[in-house]
Amino acid sequence: MTALLEVDGISRRFGGLNALKDVSFSVNKGEIVGLIGPNGAGKTTCFNVVSGVMPPTAGAIRFKGHSIVGKKPSAIVSEGLVRTFQATTVFPDATVIENVMRGAFATTSVSMLSSVFNTRAARATLAATGERCDVLLGRLQLTPYREWRAGELSYGGQRRLGVAIALAANPQLLMLDEPVAGLNPEEAAEFGRLIREIHETEGVAVLLVEHHMRLVMGLCHRIVVLDHGELIAEGVPADIRANRKVIEAYLGSEEVG
Ligand SMILES: Nc1ncnc2c1ncn2[C@@H]1O[C@H](COP(=O)(O)OP(=O)(O)OP(=O)(O)O)[C@@H](O)[C@H]1O
């Protein structure tokens, strides 16, 4: 398998705190990888560093073989690495389809859009993008809500819209930050099915931060475990579930399995 994302010895300090210490892992093409760990383990920091929200204090990050350290988040999106956020990031007053279209043009500047959309070729591109966005609405079960204001969607609907917006940028690696947080068990299970379907139909690799262990264990091909900023285990779900270090890290906080 070819590594799409290579995280190579990254560290991140906040003052005297080592939020990440020499963490290395990779995500291969077509893989679903889980990033787990107890509260404060460094998962969000790792996501922020990989997606360019903040630089690492040390270490290298390569996407498709090229360094992305120091690149702006929008440049990283253009390369094909797109993330969702824990909080819903929709524009509440725009319609659902407008939100997804914004995702498709997330890295295109307004001046470029206005000059480009006056040509016939550009209008064809716009039409094709609209069709693609409608396909994504279908994949995320949002077609009936196409013309709703995004703010009118249920919480679960807004989480699905966040994924549709991210997919509209045509990522090769989709990073999902706690996608089922706040959903009830049925909604969480349904969301898991959707992620699996999207992974198959879109051929996209997925890096998933999630506390919902059943979802992580059922969905991920491989799991990376952080504790106190350090990578303590990496392996297939069955191995992670039985790993003593992982069980000890979770003791008293959550159950693995
Ligand atoms: N901007 C920041 N400034 C200072 N400390 C921070 C900052 N962001 C995170 N930290 C600290 O870094 C450590 C790792 O936090 P992080 O949010 O990455 O963990 P996490 O695994 O995502 O936790 P959770 O599961 O609770 O979201 C924690 O001790 C946290 O308090």
Side-chain angles (χ1 to χ4, degrees), residues 5-27 32-61 68-73 76 81-89 155-156 158-159 162-163 166 173-185 187-188 191-192 195 206-220 222-235 237 240-241 243 245-257:
L5 174 71
E6 297 164 88
V7 173
D8 187 359
I10 58 166
S11 297
R12 172 72 209 195
R13 290 178 70 86
F14 294 113
L17 178 87
N18 285 311
L20 290 175
K21 282 178 263 182
D22 196 20
V23 171
S24 299
F25 65 90
S26 60
V27 180
I32 305 181
V33 175
L35 182 61
I36 68 168
N39 288 327
K43 306 179 295 293
T44 303
T45 304
C46 186
F47 250 45
N48 286 339
V49 166
V50 170
S51 60
V53 173
M54 60 173 68
T57 317
I61 307 167
I68 54 169
V69 172
K71 292 196 174 179
K72 286 187 189 155
I76 293 174
L81 196 166
V82 180
R83 70 174 288 184
T84 63
F85 289 83
Q86 270 175 35
T88 49
T89 47
Y155 180 73
Q158 295 197 20
R159 303 305 311 239
V163 176
L173 175 58
L174 176 65
M175 292 173 56
L176 299 173
D177 196 358
E178 298 200 28
V180 306
L183 301 185
N184 68 38
E187 287 173 325
F191 212 105
I195 295 171
V206 177
L207 178 62
L208 172 78
V209 165
E210 187 48 70
H211 281 287
H212 191 299
M213 282 304 155
R214 187 173 297 176
L215 182 86
V216 171
M217 293 291 167
L219 199 58
C220 296
R222 208 151 49 80
I223 297 174
V224 171
V225 190
L226 297 181
D227 187 32
H228 296 297
E230 289 183 82
L231 190 146
I232 58 163
E234 183 179 354
I240 293 300
R241 209 185 266 127
N243 184 296
K245 279 190 185 171
V246 177
I247 294 166
E248 280 169 10
Y250 272 93
L251 271 183
S253 53
E254 285 152 89
E255 203 179 307
V256 186

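Values below: every heavy atom of this structure, side chains too, minus hydrogens, waters and symmetry copies. Indexing begins at 1, ligand by ligand and atom by atom, following the structure's order. Residue numbers start at 1 and run along the sequence shown. A quick note: this is a predicted structure, and the numbers were derived from the prediction, not measured.
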Checklist entry - Any N/O of L17 closer than 3.5 Å to an N/O of ligand 1? => result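 No; the residue has no nitrogen or oxygen that sits under 3.5 Å from a nitrogen or oxygen of the ligand.
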Checklist entry - Yes or no on side chain to side chain contact (heavy atoms under 4.5 Å, CB included) for Y250 and M213, after CA distance, side-chain angles and deciding distance? => result CA-CA 11 Å; Y250 272 93; M213 282 304 155; 3.1 Å; yes
Looking at every heavy atom in both [X] and [Y], which two are closest together, and how far apart are they?
X    : Y    : value
V49  : P56  : CG1-CB, 3.7 Å
A188 : L183 : N-CB, 4.1 Å
L35  : K43  : O-CD, 3.7 Å

What protein heavy atom sits nearest [atom], and how far off is it?
atom                    : value
atom 19 (O) of ligand 1 : G42 N, 3.1 Å
atom 18 (O) of ligand 1 : T45 OG1, 2.6 Å
atom 9 (C) of ligand 1  : F14 CE1, 3.5 Å

Checklist entry - Looking only at atom types and distance, does a side-chain atom of R12 sit under 3.5 Å from a main-chain N or O of G229, one as donor and one as acceptor? => result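 No: the side chain of R12 does not pair with the backbone of G229.
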Checklist entry - Who gets closest to atom 14 (C) of ligand 1 by heavy atom: A181, G37, G229, G40? => result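 The nearest heavy atom belongs to G40.
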Checklist entry - Evaluating non-hydrogen atoms only, which member of N39, V49, T44, L35 is closest to atom 27 (O) of ligand 1? => result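 Of the listed residues, T44 has the closest heavy atom.
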Next on the checklist: So if I count the atoms of ligand 1 from 1 in the order they appear, which ones are less than 4.0 Å from some heavy atom of A41?
Outcome noted: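 Result: 19 (O), 20 (P), 21 (O).
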Next on the checklist: Protein non-hydrogen atoms only, distance under 4.0 Å: does atom 31 (O) of ligand 1 have such a neighbour?
Outcome noted: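 When distances to the protein are checked, atom 31 (O) of ligand 1 has no heavy atom within 4.0 Å.
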Checklist entry - Among the heavy atoms of H211, does any lie under 4.0 Å from an atom of ligand 1? => result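 It does; at least one heavy atom falls under 4.0 Å.
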Checklist entry - Got a sec, which residues hit side-chain contact (heavy atoms from CB on, under 4.5 Å) with A60, two or more places apart in sequence or on another chain? => result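 In terms of side-chain contact (heavy atoms from CB on, under 4.5 Å), with neighbours along the sequence ignored, A60 is linked to D8, R62.
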Checklist entry - Residues in side chain to side chain donor-acceptor pair (under 3.5 Å) with S51, at least two apart? => result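 Counting only residues at least two positions away or on another chain, S51 forms a side chain to side chain donor-acceptor pair (under 3.5 Å) with R83.
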